[in-house]
Structures are given as structure tokens and as C-alpha cells.
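Here's the structure, in C-alpha cells; my notes come after.
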Amino acid sequence: MTDDEQTTMRSPIPLAGPPLERVMGVRALTASSFNMTVGSGIFVLPAAVAAMIGAAAPVAYLICAVAMALVVLCFAEAGSRVARTGGAYAYAAAAFGPFVGAMTGALLYAGAGVLASAAVMNVFVGTLTVLVPALNSPVVRVSIMALVYGALALVNIRGSKPGVRTMEIFSLGKLIPLLVLVVFGSFVMQGDNLVIPSLPPVSDMGRASVMLIFAFLGFENALNPSGEVKDPHRTVPRAVLLALALVTMLYLAIQMVAAGVLGPRLASETTAPLAAVAGVVFGSAGRTFILLGTLVSTFGYLSGDALTSPRALFALAEDGVLPAWLARVHPSFRTPWLACATHAVLAFALASTGSFATLIVVANVAILLMYGVVCVSIFPLRRKNARAGGDPFVVPGGPVVPIAATGVLIWLLSTATRAEWFATGITLLLAAGLYWASLFMRSKLEIKTHE
């Protein structure tokens, strides 16, 4: 896409400050994608899958990884064609125009951003209070939430590089305890526990795959800072595909070690299956080890969210969908500082008033709908020959992958509950009202200017 074409898509409201600095390469974007995908769910997921399909769980992981790869390939092509900050919002706006872009941005920020962040914050604080019971009071819990959100916002306001560095450190910190468990647990595994006597019915395998698909969500939020990615037409495809491969290998390894160590008992360890595995592998210190791993994992997610989610607000404000002050870039740090601060306040408000289960259920349909828009956007982006600076990454097979990805998402959405659809509908109605109100205010401003 040429500079002139990109300019016509933007709001007449100018960017209030210097452009964002492109500091993220393949390593940083891969770490961010990995970090945002591997969340607190991996510490409880093995038992849930084992309860549904037993030793055949690794097969469901592979099915899920293939399905998710179709969606990731669509994101990779869209991200190589549109280099603007905002990720899925920018792709949808480039493909379908500002209104669809605004609705997609609302789904992105609500589902993969502020709601998910608030849900994970509840897991983080809950784990901390298990480790330190003296902290388990409402006032202390809320204070911890405020302190963490404030500190992460400050780090990211002071520069993208410190934010990226913090995210990379905690991505590594998240990975280490899981890898230690996998390596040492492999010596305790019993081969008989991994034997699959027979494949479960297709319906059971399908339900398990539907549940597992949510363990792979999160990479889309890592693409929000597209305006700060170096050579996005090469970096984005490499990073997201590499992250998916790493996540799949990690999940498979954890599931097999958990099943190999605990055997049939794994299905009953629904509260903390990896803590139970660590108890067998490491003894009495195992539970504490995994709880610390959960703490690092959830904080790593929160640090990645503090970097990525404000960019969705920034992009919406840059195009006039949200108030223009959210698009201001700090003159010294070159970061969207007001968007960072606003996201921290909104996430804190939701985290301090909601629970993990309540918050995460609202996010599911929003994320899948947003995925669907991006998959379908491949067709108009190809037709417009949109480019992010160099030759874009093109998914092989012509229309096959985007169509297959859309079909997978329709199947997943068919499992959604009425409550999830209702919450998503409210989100879209609010976003549409805000969009049209913004257009009305801008038209009045233009009339006054001409007068």
C-alpha cells in the first residue's frame, strides 16, 4: 500500500507528536506472541483435556494446532500487507473501511485486551495470595492490582524498548519453570501411561479441540504494535509462525509429561495438575515451584498486555474513532503515553470488580469474531495489492487457507452460549454508538471551522 493510500484511510485529525519508533524485530515479536499466547491456562489445561479424551489428548493438540495455523497464516499475510499500529483493527480498516475497522478494533481491545488482562490479573493476585496468605484481603488485593498496573504503564510510557525488554525477560521467566518440569519430569514418566488404547469418538475429540483452541489465543494482541515493527512484511510472518510452532511443542511436551507421570490420576487433578506433577517429580517443594511459575507466567502476560493493548486504543484514536488525545505521542519517549495510562486505568477497574471466570467468558466470542474479519480481509487486501513496504507474504493455495480458516471459526462460534453472544452484542452496540458520535462531533467541528 502506498503512502498516499494509507493517508486517505486515516482521520483528518493529525497525529499529535512524532511517529512511533520501529524497534521490534523477529525475536521481540516472537517473544511477544509466545508470551501473549502462553498464559495461566497451561497450568490447568492438561487435566481438563485428559478428563475428556484420556491418553489421546496429544492428538487433539495437533488438530487444534493445525486449525489455529490456518488463522495465523491469515494474520501473517494481513500483517505483512498493513504496517500500521492496531493489528487486526488496521487490517480490517484497510480491507473494509473505517466502520468495520472500528467494530473490529472494539472486539480486539475488549476481547484480547482489557477483559483478558483483567482476568489474568485476578489469577496473578490469587496465586500471590496462596503463596503469601497474609495478603489475602480485599484492600491488599486491590492495592496490588493498582501497583502492578501502574508500574507496567510507567515502564511502557518511558519507551518501547524498556517495555519490550520487560516482556522478553518475563517470557523467558515463564518458559524456564515449564521446561524444567518437562525435562526432569521426562525421567519419571511411565511409558504405559502414554499408550492410546483406542481413539475416542469424533464428537469427543471435537469438543476437546474446541476447548483447546482457546489455549492458542493471544498472538493477535502481539500484533497491535505493528507501527513499531521493523520490516513488517518479513518480520510478522516469521514471528507469528515461529511462535505458534514453539507454543505447540511446549503444550505437547507438558501434556505428555503430565500424563506420563500421573497416568489416569491426571484427569482428577483439575485444580492444579502441574503442581501435582511437580509434587511427584520434585517432592514437597514441587507445589511451590509451580505456583511461582504461575506467578511469573501471569505477570509475563500482563507485561506483554501493557505493551500491546494501548496500541489498539492509540490506533482507534489516531483514526478519530476515539478521542484524539489518546493518539498523542510523548515528545521525549515517543510512546502513546496517554493510551498506556488509560488502558491501565480501565484494566484495573475491571480487574478489581470482576472474577477470572466472569471476565474471560465475555471475551471468547469477541476474539473469534475478530479472527473471522481478519481471515476474510485477505481477499480485499489482495485485490487492492496492499503492501507494507516490500513484497508481502502470500499464503499459498490462493483462497483455500482463508476459506478453511473462516470455516473453522464458524464451527467454533456455533458452540458459543447466549450469554457470550449477548455480551459481544453489547460491546458492538457501544462501539457503534461511539463511532457515530465521533463522526457527528467531527462534522460539527468541520462546520464551525468553515464558518
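As the structure is a computational prediction, the values presented were derived from the model and not from experiment.
In this structure, the separation between CE on M103 and OH on Y89 is 10.0 Å, given to the nearest 0.5 Å. Interatomic distance, CG of L338 versus SG of C340, reported as 9.0 Å (0.5 Å rounding). Going from atom CG of L413 over to atom OG1 of T424 covers 9.0 Å, rounded to the nearest 0.5 Å. The structure places CG of L154 at 12.0 Å from CH2 of W337, a figure rounded to the nearest 0.5 Å. The line from OG1 of T353 to CG of N122 is 8.5 Å long, rounded to the nearest 0.5 Å. Note: I157 CD1 to L152 CG = 11.0 Å, rounded to the nearest 0.5 Å.
For L313 against L326, the heavy-atom pair with the smallest separation is O-CB, 4.4 Å. In terms of heavy-atom proximity, L262 sits nearest to P273 at CD1-O, 4.0 Å. The minimum heavy-atom distance linking G185 with V261 is given by the pair O-CG2, 3.7 Å. Nearest heavy-atom pair, L381 versus A94, reported as atom, atom and distance to 0.1 Å: CD2-CB, 3.9 Å. Residues A306 and N156 come closest through the heavy atom pair CB-ND2, 3.5 Å. Across every non-hydrogen atom of P264 and N193, the tightest pair is CD-OD1, 4.2 Å.
For F289, the CZ atom is densely surrounded, since the number of other residues' heavy atoms within 6.0 Å is greater than 12. The number of heavy-atom neighbours closer than 6.0 Å to CZ of R287, taken from other residues, nucleotides and ligands shown, is 12 or below. Counted within 6.0 Å of CE on M256, heavy atoms from surrounding residues, nucleotides or ligands total 12 or fewer; the atom is thus considered open. Residue F379 places its CZ atom among more than 12 non-hydrogen atoms of other residues, nucleotides or ligands, all under 6.0 Å distant.
Using a 4.5 Å heavy-atom cutoff, the side chains of L73 and L241 are in contact. Put simply, the side chain of R141 does not reach to within 4.5 Å of the side chain of L135, judged on heavy atoms. For the pair V240 and F75, the minimum side-chain heavy-atom distance is 4.5 Å or more. Within the 4.5 Å cutoff, the side chain of P310 has no heavy atoms near those of the T342 side chain. Using a 4.5 Å heavy-atom cutoff, the side chains of V71 and V374 are not in contact. Between V373 and Y91, every side-chain heavy-atom pair lies at or beyond the 4.5 Å cut-off. Looking at heavy atoms from C-beta onward, R311 lies in side-chain contact with P336 at the 4.5 angstrom threshold. Using a 4.5 Å heavy-atom threshold, the side chains of C375 and L409 count as touching.
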Full working for side-chain contact (heavy atoms from CB on, under 4.5 Å) between L181 and F282: CA-CA 9 Å; L181 183 63; F282 300 112; 3.9 Å; yes
Evaluate S309 against V114 for side-chain contact (heavy atoms from CB on, under 4.5 Å), listing each step before the verdict. CA-CA 7 Å; S309 287; V114 68; over 6 Å; no
L178 vs L274, side-chain contact (heavy atoms from CB on, under 4.5 Å): CA-CA, chis, key distance, verdict: CA-CA 9 Å; L178 293 174; L274 294 193; 4.0 Å; yes
Audit row: V408, M68, side-chain contact (heavy atoms from CB on, under 4.5 Å) steps and yes/no: CA-CA 9 Å; V408 168; M68 201 63 193; over 6 Å; no
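Remark: aromatic rings of F216 and Y251 are close, center separation under 6.0 Å.
A side-chain donor-acceptor contact under 3.5 Å links S352 to the backbone of F348. When atom types are taken as modelled, the side chain of E77 and the backbone of V395 share a donor-acceptor pair closer than 3.5 angstrom. Distance alone, capped at 3.5 Å, places no donor-acceptor pair between the R81 side chain and the P392 backbone.
In this structure, the ring pair (Phe, Tyr, Trp, His ring centres under 6.0 Å) partners of Y435, at least two apart in sequence or on a different chain, are F99. Applying the ring pair (Phe, Tyr, Trp, His ring centres under 6.0 Å) rule to Y61 yields no partners; only residues at least two apart in sequence or on another chain are considered.
Below 30°, between 30° and 60°, or above 60°: for Y109 and H343 the angle between ring planes is above 60°, a perpendicular geometry.
Checked by atom type, the side-chain pair S117/Y149 shows a donor-acceptor distance below 3.5 Å.
The side chain to side chain contact (heavy atoms under 4.5 Å, CB included) with I290 is formed by just one residue from the set T288, L292, T294; it is T294.
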